[in-house]
Amino acid sequence: MSALTGKVQTVLGLVDPNQLGRTMTHEHLTMTFECCYFAPPPGDAAVAQNPFQMQHMHWLRQNPYSCHENLLLNQETSAVRDELLAYRKAGGSTIVENTTTGIDRDLPALRQLAKDTGVHIVAGAGFYVDCTHTEATKKMSVEKLTDIIVGEVLHGADGTDVRCGVIGEIGTSWPITESERKVLRATAHAQAQLGCPVIIHPGRNPAAPAEVLRILQEVGGDIGKTVMSHLDRTIFDEGELLEFANLGSYLEYDLFGIETLNYCFNLDVDMPSDSQRVKALAFLVDEGYEDKILVAHDIHTKDRLTKYGGHGYSHILKNIVPKMLTRGISQQQVDKILIDNPKHWLTFK
Ligand SMILES: CCC(=O)NCCS(=O)(=O)O
């Protein structure tokens, strides 16, 4: 039992879990994604230099990682403030901001956004994928990494007094690197001490999510309080999905709004459409996993903001929920996915 037990920790302090309301469990409000820049297709270098024009928007949506400027979400705080006000108007109330060390977490900006908009914002502790780990991070022991993560939750991160309310998104590649394994072990140790929620970014391989859970479980991680993100680009076979679901973590479909033809980070993957995502949710509901499903947009590039004609942070509330209701998911089940499941996950034990 600690001061955090039974509470949710936002960037403005502890709140009663019943205050959270509708929650997107995987978003970014300010970050950079330069670590994942992907060279434009041959012949497209010129458009990649200046894509924020109407005639280039289709190109940008198909090649979001091939334009440096598109990867700088941290330049759009004013647009994001407007988006959060629109999110509240659409019935949204809480956002889990998954930016961790390596992709330019900005906790003062998150605190200001929460004050300006009234949206509850929960910040993430820990480290993104290996290619963003510094040499110093790579050399750290599991104990040192654990101390850093625990400190980010109990005292504040990045030299501020803003406290994180979840661990993650913890980044992993495929295959999982040695440095990522240490961070995963530290995550599990910190979770065991704090009784806090954890959220994982798995590598782009169907075997990655289960391997991450195995590593966490081996050192005492609480799988029932852990979210596996990005399932929509990771596990496609229904049998494999059920096998994974049976391991007991939360199952997150968090790329709503992304409908690219070619997924540049793994060309073997056919990125699903939003309709296919809803179908996957309906399948999991039918199979009895309605208490485990979470949804979000994982906005991490500029083109997805409404300022640039994108879907914004309210897309699920405005467009996906009505679609879910036409595909056999009841209002009560929608409320579980948007309100109850996030609440249970985010509440400290
Ligand atoms: C930081 C945002 C992030 O990691 N998003 C996931 C992108 S992808 O791996 O699903 O392409």
Side-chain angles (χ1 to χ4, degrees), residues 24-38 60-68 70-76 80 95-106 110 122-133 164 166-177 180 183-184 198-209 211-212 227-236 251-274 276-277 280 294-305 310-311 313 315:
M24 297 295 134
T25 48
H26 197 132
E27 303 295 350
H28 300 269
L29 303 175
T30 171
M31 62 164 280
T32 63
F33 206 42
E34 289 272 39
C35 60
C36 290
Y37 174 75
F38 196 85
L60 191 57
R61 303 220 194 292
Q62 292 300 320
N63 301 278
Y65 307 114
S66 300
C67 162
H68 286 292
N70 200 35
L71 308 178
L72 303 176
L73 189 64
N74 61 343
Q75 295 177 337
E76 299 291 347
V80 167
I95 280 185
V96 183
E97 216 282 357
N98 277 251
T99 306
T100 44
T101 298
I103 46 176
D104 289 313
R105 179 174 54 195
D106 184 347
L110 297 187
V122 178
F127 300 84
Y128 193 55
V129 297
D130 183 284
C131 66
T132 69
H133 294 185
C164 299
V166 302
I167 302 175
E169 62 182 297
I170 295 300
T172 59
S173 315
W174 189 257
I176 301 169
T177 70
E180 289 168 349
V183 171
L184 284 172
V198 163
I199 182 162
I200 302 293
H201 165 110
R204 300 174 183 107
N205 183 288
E211 177 62 6
V212 168
V227 174
M228 191 54 64
S229 306
H230 312 326
L231 287 178
D232 26 3
R233 57 96 165 125
T234 312
I235 301 182
F236 300 93
L251 310 165
E252 191 175 77
Y253 283 72
D254 52 27
L255 299 170
F256 274 99
I258 293 186
E259 297 201 328
T260 49
L261 185 62
N262 296 311
Y263 179 52
C264 66
F265 300 136
N266 184 350
L267 291 173
D268 290 337
V269 161
D270 287 328
M271 184 60 84
S273 66
D274 280 351
Q276 288 168 312
R277 291 185 177 101
L294 299 169
V295 293
H297 312 89
D298 186 17
I299 291 183
H300 53 277
T301 52
K302 290 186 184 186
D303 63 294
R304 298 176 66 197
L305 300 175
H311 53 77
Y313 298 87
H315 174 53

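As the structure lists them, so they are numbered: ligands from 1, and atoms in each ligand from 1.
Here CG of N74 is found 12.0 Å from CG of L29. Values are rounded to the nearest 0.5 Å. Here the CZ-SG distance, from F265 to C36, works out to 4.5 Å after rounding to the nearest 0.5 Å.
For ligand 1, the atoms closer than 4.0 angstrom to any heavy atom of R204 are 8 (S), 9 (O), 11 (O). Taking every non-hydrogen atom of I103 and a distance limit under 4.0 Å, the qualifying atoms of ligand 1 come out as 1 (C). For ligand 1, the atoms lying closer than 4.0 Å to a non-hydrogen atom of F265 are 11 (O). Taking every non-hydrogen atom of H28 and a distance limit under 4.0 Å, the qualifying atoms of ligand 1 come out as 1 (C), 2 (C). Listed by atom number, the atoms of ligand 1 under 4.0 Å from D298 heavy atoms are 2 (C), 3 (C), 5 (N), 6 (C). Below 4.0 Å from some heavy atom of H201 lie the following atoms of ligand 1, by number and element: 4 (O), 6 (C), 9 (O).
R233 NE, 2.9 Å is the protein heavy atom nearest to atom 10 (O) of ligand 1. Here the protein heavy atom with the shortest distance to atom 8 (S) of ligand 1 is Y263 OH, 3.2 Å. The protein heavy-atom contact nearest to atom 4 (O) of ligand 1 is Y128 OH, 2.5 Å.
By the 4.5 Å heavy-atom criterion applied to side chains, E97 and E27 are not counted as neighbours. Under the 4.5 Å side-chain criterion, counting only non-hydrogen atoms from C-beta, E252 is in contact with I199. Contact of the L255 side chain with the H26 side chain is not registered, since no non-hydrogen atoms from C-beta on lie closer than 4.5 Å.
Side chains of H315 and D274: a donor on one and an acceptor on the other come within 3.5 Å.
Residue D270 qualifies as open at atom CG: its count of foreign heavy atoms under 6.0 Å is 12 or below.
Here N98 has no heavy atoms under 4.0 Å from ligand 1, in either its backbone or its side chain.
Taking any N or O of Y65, backbone or side chain, none lies under 3.5 Å from an N or O belonging to ligand 1.
For the pairing with H28, the side-chain hydrogen bond (donor to acceptor under 3.5 Å, both in side chains) check across D104, D298, T301 returns one residue only, D298.
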